[in-house]
Amino acid sequence: MSLLDDPRATFADLTRPEGWVLGVSVAFALFLLVAMLTGALGPTYFLFLVGLAGMYALLSFGLNAQWGFTGLINFSVAAFFGIGAYGSALMTASSSPIAGGFNPLVGLVVALVVALVLALLIGIPTLRLRTDYLAIASLGLAEVVRLVVLNERWLTNGSAGVRGIPGFFQGWPVLSTFPEAMPGLRLVVIPGSPIILGTSFWQSLLNVLLVLAFAGVTFFVLRRAHQSPWGRVLRTIRSDEDLARALGKNTYSFKMQSFILGSLIMALAGVFYTHLNLYVGPGDLDPITTFYAWVAVILGGSGSNRGALFGGIVIVTIREGTRFLNDVALPIDPAPMRLLLIGVVIVAVMRYRPQGVLPPQRELIWPSAVDGRATPETPDSGVRERKGGGGDE
Amino acid sequence: MSDGMTDDTTGAADGPHGGTDPVLSLSGVDSGYGEVQVLDDCSVRLDPGEIVCLVGPNGAGKSTVLKTAFGMLTPWTGTVAYHGRDIGGMAPEEIVREGIGYVPQTDNVFGSLTIDENLRMGGVARDGGLEEVIETLYDRFPIIERKRSAKAKTLSGGQRQVLAFARALVMEPDVLLIDEPSAGLAPNTADDVFEDVKAVNDMDTAILMVEQNVTKGLGISDRGYVLDQGTVRFEGTPEELLNDEEVSQLYLGG
Amino acid sequence: MTVLGYMANGLVFSSIIVLGSIGLSLVYSIADFANFAHGDTMTIGAYTALVTFGAVGGLGGAVLGLPFGFFVALVVGIGVAAVVAVATEKLIYEPLDIDSIGLLITSIGIAFIYRALIQIGFGSDFTRFDVQQLRPIESLVPYGVRVTLHDVAIVASAVVLVVGLHVLLQYTDLGRKMRAMADNPDLARVSGIRTKRVKLWTWVIGAGLAGAGGVFLGLFNQLSPRMGFNLLLVIFAAVILGGIGSVYGAMAGGFLIGMITQLTPFFSNVVEALPIGPGWLATLLENLITIEYANAIAFVIMVVVLLVRPNGIAGEGAT
Amino acid sequence: LSTTDDGGDGGDGGDGTDGSDGGDGDDGGDSTDPYEIGMVDSQTGSLSSFGERNQRGVNLALRHVNDVGIGGRELDILVEDSESENQGGIAAAQKLVNQDGVPFLIGAVGSGVSLAIYESVVEGTDVVQLSQNSTGLELTNFPGLLRMSPSGLSQANALADLIAEDGYDEVALTYVNNDYGQSLADAFVDAWEGELAYENSHDQDQQSYSGVISEMNSSDAEAWLFITYQAEFATMVNEVFSSGYEAQFYGADSVSGDDVLENTPEGSMDGMKIVVPSAPVEEENFQSFASAFEDEYDRQPTSWAAYAYDCVVNAALAIQAADEFTGEALQETVRRVSGPDGEEVTSFEAASEILADGGGPDDVNYQGVSGPIDFDENGDPIGFLQVQEVQDHDYEGIDFIEG
Amino acid sequence: MSEGALPKQDPVLRVDDLQKSFGGLAATDHATFGVERGTITGLIGPNGAGKSTLFNLISGFYEPDGGTVEVNGTDVTGMEPYQVADHGLIRTFQTPRKLEGMTVREAMLVGPRKQPGESFLTLFASPGSVSESESANLAEAERILEEFEIDHLATQPATDISGGQMKLVELARAMLAEPEVLLLDEPVAGVNPTLAKKLKDQIRRLNEQGTTFLLIEHDMEFVMDLADPIVVLDQGHVLTEGTPEGVRNDDRVIDAYLGGGT
Ligand SMILES: Nc1ncnc2c1ncn2[C@@H]1O[C@H](COP(=O)(O)OP(=O)(O)OP(=O)(O)O)[C@@H](O)[C@H]1O
Ligand SMILES: Nc1ncnc2c1ncn2[C@@H]1O[C@H](COP(=O)(O)OP(=O)(O)OP(=O)(O)O)[C@@H](O)[C@H]1O
Ligand SMILES: CC(C)C[C@H](N)C(=O)O
Ligand SMILES: [Mg+2]
Ligand SMILES: [Mg+2]
């Protein structure tokens with residue numbers, strides 16, 4: 001399994017699309033590196049994009065844990081994201097109408113607890129019923145939460161939003177003053193275009209480290225869960241809940257666990273967002289976030305954690321990369337052009353990579369159980385993929 | 001359409017029934033799902049008025065033969081000919097109109113439609129006389145007549161099987177492809193169905209049938225094929241197959 | 001305003017929602033996905049009518065306060081919306097080999113494309129049809145009902161279209177074929193149903209009605225590139241409430257949702273007037289049942305209805 | 001209907017229509033690169049129509065600036081879309097500041113987005129941020145964040161006075177449910193001494209506001225105050241008209257515009273009074289701006305276009321007056337080129353001439369087409385207000401109020 | 001109706017006066033019978049007699065209109081399917097269930113009950129125990145696949161197999177659950193006769209190891225050979241119960257079910 005143990009085998013194990021994606025990713029990373037060294041890409045901006053990608057990756061992890069694993073259709077990603085963001089903002093911000101001024105870690109905990117409560121509130125009545133209930137209830141819930149945040153000023157400041165939010169490392173030893181303490185660096189790789197790394201660079205670097213920590217832990221937890229019997233029950237529910245019930249699985253409980261897990265991860269994304277942008281408003285609960293999380297999961301490949309990670313990156317590339325295309329593209333009204341481009345990219349990916357970029361590739365059995373056992377040769381394409389490519393309908 | 005017309009040279013005449021042209025024939029067909037090959041140089045023929053039975057182990061490719069013949073799958077190589085005309089790759093909804101009917105092995109009724117509607121759907125390609133045929137079928141299958149306005153998903157397994165069979169008969173096809181008609185049927189009902197198959201056949205419909213109930217299946221057939229791993233292993237009259245020690249041992253549970 | 005007045009408003013708004021929800025529901029069940037581009041299809045209908053109306057002008061006479069030319073524009077709007085939808089099906093959806101969630105995501109992309117094209121062509125500002133705005137019908141004002149002839153025209157046209165659809169489904173096999181297809185597409189083909197053709201008809205009907213809904217929405221309010229999209233969530237609620245895939249359910253759902261959103265001021269009056277149990281409950285309700293929460297109330301009612309009738313109002317009882 | 005121009009083709013103008021084209025030497029012949037500044041605009045999303053209005057102003061201003069040139073160099077504006085959302089706005093500003101490295105950032109439209117950008121991207125750097133359209137009260141608390149459009153506070157006070165003077169002691173108020181609407185409404189409620197018969201917010205982009213309208217009607221107040229945007233207001237007017245209600249309308253500046261006139265029935269708003277920020281006199285610079293605008297776009301300019309226009313001109317002047325093209329240097333000049341000291345001039349050309357002749361930033365006082373633009377210590381412009389009345393379905397200025 | 005109620009020494013499953021109707025149709029009509037521990041009990045009856053409905057009632061998928069179900073002496077009426085399974089009863093479905101996105105092997109591994117790895121916390125608290133039981137289950141799954149002659153399908157997508165193969169996977173998975181009582185709904189419908197014979201041996205062997213079976217089957221040769229006693233259901237109620245011989249020669253059974261042919 002691990003790259004360190006046996007790198008050669010790990011690479012030989014890759015399926016064709018995996019190899020392809022790996023190749024493209026490496027090339028893309030190199031390209032970015034070169035762009036950064038030559039000054040074509042601002043390092044601070046790049047780190048901001050990485051932070052955003054991390055945030056979308058977290059959102060897609062969360063949705064993947066619900067939809068990809070268990071088939072729960074959650075249309076209130078934005079609501080859980082918003083709960084995370086507001087929960088943490090209201091606890092830490094100086095302008096908070098209720099509490100405020102707490103350590104960001106308190107904010108983190110409170111955000112997660114509120115998300116948990118909300119997940120229970122919506123899960124308890126709906127998860128016993130057919131899967132579409134959750135879709136419906138969550139669609140409504142997202143709107144209700146948004147309207148409450150917008151209108152209940154005593155609680156949320158209403159449309160004014162919450163400002164005066166500290167960075168996540170506020171009050172931590174060393175880290176809280178790290179960006180200011182770091183010297184401004186000036187790197188010259190290409191003569192004439194020096195790269196200047198100032199306070200905001202170090203601040204962004206901290207943010208990136210934070211999101212990497214969040215996403216890294218999440219990824220590790222999800223991967224292990226996905227390969228486990230626990231994950232297998234979820235996948236059984238996704239495909240045939242009655243079968244799972246007949247085999248003695250308490251499907252309601254499993255669905256609840258999966259729903260809560262995903263919701264917490266989405267709230268985590270919200271917490272990060274709050275301390276990345278230092279401002280939250282009701283607009284952050286707009287359904288568009290839900291759209292993008294779905295797009296990321298589907299583009300990445302439903303049910304695949306790596307896919308979700310990749311989907312997060314793809315979303316940022318689509319949303320922010322199109323800004324660069326603007327600079328060169330036709331001088332038609334640029335804004336709708338960008339909207340058009342985003343639309344075209346989404347359609348194109350679905351057309352040419354319908355199972356997503358990195359669909360689940362191989363069977364998911366607890367790793368050490370299959371190790372050493374003669375694993376039949378890796379199929380050239382993934383389980384789903386072969387199905388997707390089938391000629392019959 | 002062109003019943004029995006043989007304007008093309010189909011190189012007939014080397015089958016056991018030398019002389020007649022087959023209504024339906026697969027010759028040298030390779031076929032499968034996606035990239036997975038299932039049929040390997042498979043040849044099966046159905047002569048006018050015959051009942052032919054396909055038997056073989058699970059996963060041998062029997063259903064795949066029917067699906068390929070009916071356009072659900074496109075043959076990779078080889079031809080599927082109907083009255084000598086190549087119909088390989090033609091869409092199922094068009095093949096129905098040519099006069100071939102098909103009863104799938106699974107998912108063979110519209111669960112959310114009533115029995116009555118199921119039968120009507122079987123006749124969308126008919127020009128007329130729909131009501132009469134449906135009434136005839138109800139007469140023939142009282143087991144579904146009683147439930148004509150119930151949703152098909154409420155039927156028991158066996159009732160469904162009967163409905164699926166009836167649905168295909170609405171078109172009064174020339175050739176009928178049936179995938180395991182007796183699976184899940186009570187012995188007496190299975191007998192009825194086999195009798196019905198016989199009766200349909202008596203009205204000049206050639207039948208290609210997959211059956212695991214080999215004794216009864218071969219019992220009403222004129223010829224049989226044993227399929228294994230996508231290839232025809234044996235071909236012959238029911239007696240020949242049933243009496244062959246090896247065939248019977250390996251495939252027929254004898 | 002009187003209850004009657006609120007209900008009259010609700011009826012007009014419902015008519016538009018109903019037109020949108022029928023199409024969404026049809027496509028949902030036949031093409032098997034939630035079409036997020038449906039709202040923008042409505043927008044296409046509206047802008048087509050705008051252009052057509054600008055080109056043909058009033059054409060002499062008028063019915064219900066609307067010039068003949070407007071009806072021509074309506075028909076063209078319906079037609080173009082249908083053609084665009086069919087073209088999208090042929091060019092984009094049909095060649096795709098993905099499951100329904102994949103299609104849903106694709107439709108989000110399509111929605112962006114439609115909207116971007118409209119914005120490129122027309123700018124993002126709002127505009128209206130160039131028809132004379134009317135005053136309320138005098139004879140109804142004493143009853144607290146304040147509707148114009150245009151409103152009557154909207155309701156009447158919607159009724160005509162809905163009845164037309166009903167007749168079509170009732171007296172042809174199309175409706176049954178659609179259901180068969182929604183149930184089991186493979187078996188439908190095996191039975192000889194030309195599924196592609198049925199699908200195209202579905203798109204024609206669904207998008208055509210959406211186009212009409214868009215034109216009326218423009219007449220009712222105004223046109224802007226986001227008009228249809230802004231309505232989409234409510235339309236979804238209507239479809240789900242009605243029972244996914246049921247045309248008649250979509251009608252009922254659309255009607256109810258339209259009514260509920262317009263009746264909220266009335267509900268809030270009722271809540272204020274009623275002597276509700278403990279004081280805190282009364283305060284809570286008074287704070288929550290206000291027009292800011294109109295959409296939220298509609299959604300909550302939808303969820304509650306579904307808990308009682310799990311398959312929507314027109315669906316079959318509990319499973 | 002005139003919805004077909006997409007504001008894009010500014011290229012073929014400048015062929016002598018300006019009259020004042022005489023002696024501006026050789027423009028742009030220099031090999032030096034243009035100055036690049038950034039702008040965050042609402043090109044898509046719920047405020048996209050404002051973004052479009054902004055772009056018209058920006059394009060016109062760019063023409064006027066580049067006809068003259070800034071010390072021989074041109075001005076170039078990189079526009080990024082905020083999607084009218086915080087997230088989009090922040091991402092756009094991130095790119096402009098940290099990727100393109102612009103020292104001067106015009107943006108954004110919605111007050112919430114402007115603040116979000118300021119707090120998460122600009123604060124702590126020396127980049128100059130100048131919002132083109134935000135009028136929310138909260139911005140006053142952020143002196144580092146400049147804006148061209150005046151705070152809603154003076155407007156709110158003026159409205160309260162105006163309604164009281166007109167003899168009403170009851171008012172029904174509806175406002176758009178965002179930072180802008182809410183803060184303006186709050187300020188009004190503070191200033192208003194009469195009875196508030198109805199006060200409720202409404203969401204943007206709704207398909208119908210008949211609920212709001214009917215509730216306002218049942219409040220029995222005779223004066224109705226609207227703090228909302230053009231599209232929403234036009235819908236409301238139409239609904240009032242077709243419901244046959246009668247009331248005296250009042251409105252904040254964001255409800256006035258040609259598109260409202262175009263899209264509401266004749267006479268439906270007659271008598272309405274609106275308080276709008278404006279130049280203190282019926283300046284000829286506004287007139288010439290308006291006529292240039294009409295030539296270009298075949299429509300009257302909105303105040304939003306005028307703000308955006310002034311943002312660009314102000315930025316250009318700040319650049320010309322500064323020693324070097326850095327945020328630090330621009331912070332020094334941006335307030336002074338339009339500040340009260342110096343000679344009052346009403347066009348970029350005139351101001352630029354003074355600077356070219358060796359004048360310092362304090363030697364010019366650019367008078368904008370949207371007002372005198374004197375930023376106070378909080379970064380807000382000194383607002384001058386005009387009361388407009390709708391007469392024969394057109395806006396007539398009837399009074400001035402000094403901020 | 002009391003014919004079904006033969007006295008049982010040690011009934012592992014008891015169905016008492018069970019009723020269920022759909023609309024006007026009484027699919028289960030005061031059905032009463034018991035399954036003796038250690039037997040292979042056959043359940044036969046015409047199509048639509050209510051056999052599958054009975055399975056659904058016993059296993060908790062349907063809520064009965066009246067009557068009780070007892071498993072291992074516990075009243076499980078009205079319990080959730082998973083609770084019934086906890087009491088040791090597992091059922092298969094007449095129409096095989098497909099598991100999308102899994103290989104056949106994975107689909108099999110859902111079978112075992114109470115796997116330590118099914119608790120989220122254990123995954124992190126005690127990965128070793130997860131690993132251990134997973135290895136054991138995998139070995140067991142592969143063994144059964146081999147016996148069912150579908151080991152070559154182990155890493156095939158579970159959806160891409162033939163109709164008969166699906167029935168086999170369904171059966172194999174249920175066996176992995178190692179229940180005390182196993183309810184099989186037509187396990188060999190569509191299964192090749194040669195293989196069916198082998199399955200017969202499998203079932204018999206498992207039975208000898210202590211599993212009690214209740215099985216619905218229309219293949220008379222199969223069921224008569226394997227099961228004793230046999231319960232005959234007709235129109236929702238127990239028509240008769242007895243030895244294969246007795247049932248085979250019962251006129252009512254011949255009439256309603258077997259027909260002349262057999
Ligand atoms: N959910 C349901 N709704 C309505 N009727 C039902 C439902 N389930 C079963 N039925 C009816 O109950 C009767 C018994 O059905 P059941 O499936 O139990 O039969 P069965 O004995 O298993 O038959 P088979 O051997 O054909 O599978 C049938 O007439 C069937 O139509
Ligand atoms: N949809 C599918 N996709 C991929 N492979 C399939 C699919 N359906 C069947 N197969 C494979 O094709 C082979 C032949 O299947 P087929 O259904 O033709 O068998 P069969 O002879 O009808 O068996 P049975 O008697 O069990 O119905 C099997 O090995 C199966 O694994
Ligand atoms: C363009 C304007 C409508 C923006 C508004 N003044 C605000 O601050 O939000
Ligand atoms: Mg088969
Ligand atoms: Mg059954």
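Note that this is a predicted model, so its numbers are computed, not measured. Per chain, numbering begins at 1; letters A, B, ... match sequence-line order.
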As an exercise, state the distance from CG of C:L134 to OG of D:S242, rounded to the nearest 0.5 Å. 8.5 Å
Between the CD1 atom in C:I291 and the OH atom in D:Y209, the distance rounded to the nearest 0.5 Å is 10.5 Å
Say you draw a straight line from CG of C:N221 to CD of D:Q206; how long is it, rounded to the nearest 0.5 Å? 10.0 Å
For the backbone of D:S268 and the side chain of C:Q133, can you confirm whether one donor and one acceptor N or O come within less than 3.5 Å of each other? no
side-chain contact (heavy atoms from CB on, under 4.5 Å) with D:Q391: which residues, sequence neighbours excluded? D:E389, D:E396, D:I398
Proximity breakdown for C:F220 and chain D, heavy-atom pairs closer than 4.5 Å: side chain
Taking all heavy atoms of C:P265 and all of D:G211, pick out the closest pair and write down the distance. CG-CA, 3.8 Å
Checking the side chain of D:Q207 only, and the main-chain atoms of C:L217 only, is there a donor and an acceptor separated by less than 3.5 Å? no
For residues 224-233 of chain C, which residue pairs pass the salt bridge (Lys or Arg N to Asp or Glu O under 4.0 Å) check, not counting sequence neighbours? C:R226-D:D205
Would you give the length of the straight line joining atom OG of D:S210 to atom CZ of C:R146, rounded to the nearest 0.5 angstrom? 12.5 Å
Tell me, out of D:R53, D:H202, D:E266, who's got the most heavy-atom pairs with chain C below 4.5 Å. D:R53
Spatial distance of atom CD (D:E239) from atom CG (C:N9) [nearest 0.5 Å]: 8.0 Å
Taking side-chain hydrogen bond (donor to acceptor under 3.5 Å, both in side chains) as the definition, give me every residue that meets it alongside D:E294, ordered by chain and number, with sequence neighbours left out. D:Q300
Can you tell me how far CD of D:Q204 sits from CG of C:N230, rounded to the nearest 0.5 angstrom? 9.0 Å
C:D151 versus chain D, heavy atoms under 4.5 Å apart: side chain, backbone, both or neither? neither
Check for a donor-acceptor pair, side chain of C:Q222 on one end and backbone N or O of D:A231 on the other, with a separation under 3.5 Å. yes
Is there any residue in residues 220-230 of chain D with a non-hydrogen atom under 4.5 Å from a non-hydrogen atom of chain C, and which ones are they? D:Q230
Counting only heavy atoms from other residues, nucleotides and ligands, does the tally under 6.0 Å from CE of C:M7 exceed 12? no
Heavy-atom side-chain proximity of C:S268 to D:E215 below 4.5 angstrom: yes
Polar side-chain atom of D:N263 near backbone of C:T127 as donor-acceptor pair, under 3.5 Å: no
Looking only at non-hydrogen atoms, find the nearest pair between C:Q119 and D:Q43 and report the distance. NE2-O, 3.0 Å
So which of D:T235, D:V212, D:N238 has the largest heavy-atom pair count under 4.5 angstrom toward chain C? D:N238
